[in-house]
Protein chains: 2
Amino acid sequence: MRRETRVPRPTIADVARQAQVSKSTVSRVLNGQTSAMRATTHERVEQAIADLGYRPSALARSLTLGRSRTIGLLISDVGNPFYAEVIQGVEDLALSEGYSLFTANTRYDLLRAERLIASLADHEVDGVIVMSSMLSERCVALLRQRGIPAVVIDWPCQVEIGRVGAVRVDYASGIDQAIEHLVSMGHRVVGHLSGPAHLPTSQTRTTAFLEAMAARGLDAQSAPVVTGTLRMEGAGDALASFLAHSPQPTAILAANDQSALGLLFAAHGMGLSIPGDLSLIGLDDIRLASQVSPSLTTIALPRLHLGRMATEMLLGLVQGQAAEPPIATVTTRLVVRSSTAPPMKETR
Amino acid sequence: MRRETRVPRPTIADVARQAQVSKSTVSRVLNGQTSAMRATTHERVEQAIADLGYRPSALARSLTLGRSRTIGLLISDVGNPFYAEVIQGVEDLALSEGYSLFTANTRYDLLRAERLIASLADHEVDGVIVMSSMLSERCVALLRQRGIPAVVIDWPCQVEIGRVGAVRVDYASGIDQAIEHLVSMGHRVVGHLSGPAHLPTSQTRTTAFLEAMAARGLDAQSAPVVTGTLRMEGAGDALASFLAHSPQPTAILAANDQSALGLLFAAHGMGLSIPGDLSLIGLDDIRLASQVSPSLTTIALPRLHLGRMATEMLLGLVQGQAAEPPIATVTTRLVVRSSTAPPMKETR
DNA sequence: CTGAAAGCGCTAACAT
DNA sequence: ATGTTAGCGCTTTCAG
């Protein structure tokens with residue numbers, strides 16, 4: 001007794017027949033153009049729709065309308081905890097505006113990114129949000145080439161003309177607060193664990209660090225800056241570098257929470273006390289930051305907001321009501337927790 | 001000098017005109033039905049396609065073909081690090097098979113899940129993969145109702161007939177190894193930090209734990225089982241419960257890595273040494289597990305594989321070549337790291 | 001070996 | 001106030 005027959009979903013024609021009206025009438029009901037319609041007709045159509053459990057085909061609709069109410073979300077790596085909330089922000093707003101999301105991970109692979117973008121274009125997404133720092137430039141170029149509106153998140157480079165927007169992150173504000181926090185507690189030698197040098201965002205953060213130091217008359221020149229990976233791995237080596245540096249830093253600002261946590265765990269492993277022997281500040285405020293022990297003082301990025309803003313901007317571009325210039329900035333702010341404290345007085 | 005004019009993408013008709021052939025011929029080239037075609041014709045068409053930079057519209061194709069080469073991925077929460085790799089597994093295989101992914105987060109919200117499923121259905125996805133333990137049952141019901149093939153991941157309940165498959169996780173194998181590992185080191189009192197009682201998967205794990213204990217003649221009855229949240233928060237309270245228990249456990253098996261790490265951090269905070277004072281075993285083997293200090297002994301779940309299998313199964317269902325019964329199981333295995341050691345001999 | 005024509009499900013003029 | 005018609009871009013008989 002297997003019912004192999006795939007019951008085809010009802011179409012607008014089925015509804016029309018059932019309600020004894022034309023397809024146009026049904027279509028009007030579907031699109032709310034019901035003002036100049038006889039109440040009984042309206043009623044009959046609604047009834048038929050309900051009876052048949054009819055739902056319009058997004059595919060067919062997209063084809064006729066020329067827009068798909070679909071947007072692409074290009075991410076470098078879902079596994080990066082940083083992105084999760086941004087995704088939520090995007091999804092929330094997109095959903096509430098009736099858009100669906102094609103999500104795709106570039107995996108930091110340009111070839112893959114190209115294929116994904118091609119695929120998104122093939123599916124006629126109305127726009128794309130790009131959150132893939134290393135690949136953003138190429139991605140945006142490809143998208144522009146296909147005439148697809150796009151918004152880049154946290155990509156400090158110049159946004160050229162065209163239907164491309166950008167949501168920037170003002171790291172400097174939070175980083176400045178962080179340095180102020182350390183300095184006011186008495187720290188004088190502060191180290192910086194940066195991200196890979198080729199990432200624009202690493203440079204931005206490092207620059208902001210150096211400027212914040214200089215602004216307080218600290219010797220930014222001799223401040224130990226170690227290049228890390230933005231990941232937890234390898235933090236042990238980085239920590240060793242800091243400890244070998246002279247003068248030895250009493251506090252370290254890491255380029256992100258992951259690497260800060262790497263330092264934290266490495267310190268644990270070496271029997272170093274945080275914040276007793278060393279103060280630590282991260283950046284991002286990922287969930288984990290508040291859950292480790294000691295909880296991590298960090299510079300919070302409003303990620304949900306970031307996602308929402310990007311989506312809002314993209315939908316603006318899609319609907320042609322582009323803000324000029326399509327650039328927005330979100331600020332960061334310090335969240336003080338337990339990984340920072342005044343330095344011990346043995347600062348040589 | 002703004003070019004406001006949205007250049008419409010070339011259609012199959014444009015290619016046909018350019019190549020001086022009919023749409024049918026172009027379509028044949030597009031679909032590789034080129035065997036019985038004059039070489040010069042084929043050549044001309046390829047040329048025209050290249051010249052125009054033509055790409056077929058997935059939308060139009062889906063409409064005529066009746067299948068969209070699109071699948072939905074229903075997740076409860078992207079923020080859960082557990083899912084990231086599964087997603088990668090799904091995406092990898094889907095991509096290589098020419099499928100695109102609609103991803104959607106239920107956020108553990110049934111209403112939201114319903115809307116998302118409706119949306120997926122509206123977009124005529126060919127199938128859906130569900131990875132949302134709490135909501136799976138309802139989700140599958142809704143999908144079945146709309147006649148959409150589905151595969152559930154890690155949902156231990158009965159799979160009814162219909163085009164629904166399941167990929168199970170055999171927790172018992174890894175949990176048994178874990179207990180064996182502890183017992184062979186001399187542990188006799190082992191605690192279990194379980195997940196919320198209403199989650200089927202919590203029950204599965206707890207049962208496996210108790211059985212593994214009993215199988216070794218240990219007093220499963222008096223083994224302290226504390227109900228946790230599967231999250232890091234609240235681990236402090238759980239740890240306190242374990243420590244207050246008599247006899248006090250010398251090792252704890254947590255239901256997942258997150259809660260194990262919660263215990264780890266809580267122990268740090270209380271000055272307890274891991275594994276000196278207490279051995280700890282997690283489950284999942286999330287990235288973080290190998291990065292914390294001490295690194296976490298845990299039961300590894302082959303997540304990439306999980307995603308791949310689910311996708312493979314779904315595509316099988318979609319293409320009608322369903323394996324009978326559509327159920328697969330992946331096994332788990334213990335990964336020994338540094339959070340486990342023999343108990344101190346002061347076991348009262 | 002290739003073309004003409006119908007149709008997938010929907011919307012939008014343009015009638016009436 | 002509602003129906004008719006012509007597409008949107010593609011595939012697929014069916015003819016030649």
Side-chain angles (χ1 to χ4, degrees), chain A residues 6-46 48-49 52-70 98 121-126 146, chain B residues 6-46 48-49 52-70 98 121-126 146:
Chain A
R6 281 276 256 151
V7 191
R9 22 189 301 171
T11 78
I12 200 174
D14 297 325
V15 177
R17 193 171 319 116
Q18 170 102 356
Q20 314 255 48
V21 297
S22 75
K23 292 191 298 174
S24 326
T25 303
V26 179
S27 176
R28 288 192 188 100
V29 171
L30 257 35
N31 295 287
Q33 309 169 23
T34 178
S35 48
M37 188 177 294
R38 204 179 308 169
T40 70
T41 313
H42 184 178
E43 167 67 18
R44 277 217 313 286
V45 174
E46 293 284 21
I49 290 177
L52 269 48
Y54 167 81
R55 304 224 83 207
S57 155
L59 248 35
R61 204 190 279 235
S62 302
L63 190 60
T64 44
L65 255 37
R67 28 177 214 69
S68 61
R69 287 214 151 238
T70 271
D122 291 348
H123 283 279
E124 272 148 293
V125 293
D126 292 337
R146 294 178 190 266
Chain B
R6 280 277 254 153
V7 191
R9 22 188 301 171
T11 77
I12 200 174
D14 298 324
V15 177
R17 194 172 319 116
Q18 168 102 358
Q20 314 255 49
V21 296
S22 74
K23 293 191 299 175
S24 324
T25 303
V26 179
S27 176
R28 289 193 186 99
V29 171
L30 257 33
N31 296 286
Q33 311 170 24
T34 178
S35 49
M37 188 177 295
R38 204 179 309 169
T40 70
T41 312
H42 184 178
E43 167 66 19
R44 278 217 312 287
V45 174
E46 293 284 21
I49 290 177
L52 270 48
Y54 167 80
R55 305 222 81 206
S57 155
L59 247 36
R61 209 194 277 246
S62 302
L63 190 58
T64 41
L65 256 37
R67 29 177 214 70
S68 61
R69 287 214 150 237
T70 270
D122 290 348
H123 283 278
E124 272 149 293
V125 293
D126 292 338
R146 294 179 190 264

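Here is the naming used below: chain letters follow the sequence lines, and residue numbers restart at 1 for every chain. As the structure is a prediction and not an experimental result, all values here were calculated from the model.
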Rounded to the Å, how far apart are [X] [atom1] and [N] [atom2]?
X       : N      : atom1 : atom2 : value
B:Arg44 : C:dG3  : CZ    : C1'   : 13 Å
A:Leu52 : C:dG9  : CG    : C1'   : 15 Å
A:Arg9  : C:dC8  : CZ    : C1'   : 13 Å
B:Leu59 : C:dC10 : CG    : C1'   : 12 Å
A:Ile49 : C:dC10 : CD1   : P     : 10 Å
A:Asn31 : C:dA12 : CG    : P     : 7 Å

**OP:** Look at all strands and tell whether A:Leu63 reaches a base, only sugar-phosphate, or nothing, counting heavy atoms closer than 4.0 Å.
**Re:**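 Base, at least one base atom sits under 4.0 Å.
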**OP:** Using heavy atoms and a sub-4.0 Å distance, could you list which residues of residues 20-27 of chain B are near DNA chain D? By number, please.
**Re:**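 Residues of residues 20-27 of chain B that come under 4.0 Å of DNA chain D are, in numerical order, B:Lys23, B:Ser24, B:Ser27.
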Original post:
Residues from residues 35-43 of chain B sitting under 4.0 Å of DNA chain D, heavy atoms only?
Top reply: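 By residue number: none to list.
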Do [X] and [Y] make a side-chain contact, defined as non-hydrogen atoms from C-beta onward lying under 4.5 Å apart?
X        : Y       : value
A:His123 : A:Thr70 : no
A:Tyr54  : A:Val45 : no
B:Asp122 : A:Arg9  : yes

Distances for protein N or O near nucleotides 14-16 of chain C N or O, under 3.5 Å:
none

Distance-only donor-acceptor pairs under 3.5 Å for side chains of residues 36-43 of chain A, two or more places apart:
residue : atom : partner : partner atom : Å
A:His42 : ND1  : A:Thr34 : OG1          : 2.9
A:His42 : NE2  : A:Glu46 : OE2          : 3.0

**OP:** Report the distance from atom CG of A:Asn31 to atom CZ of A:Arg61, rounding to the nearest 0.5 Å.
**Re:**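 Atom-to-atom, A:Asn31:CG and A:Arg61:CZ are 5.5 Å apart.
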Subject >> End-to-end axis angle, where each axis spans five pairs of the helix from C:dC1-D:dG16 to C:dT16-D:dA1, to 10° >> reply: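 If I round to tens, the end axes sit 50° apart.
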**OP:** Identify the 5'-most and 3'-most nucleotides of DNA chain D with at least one atom closer than 4.0 Å to a non-hydrogen atom of chain B.
**Re:**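 The protein-touched segment is D:dG9 to D:dT12.
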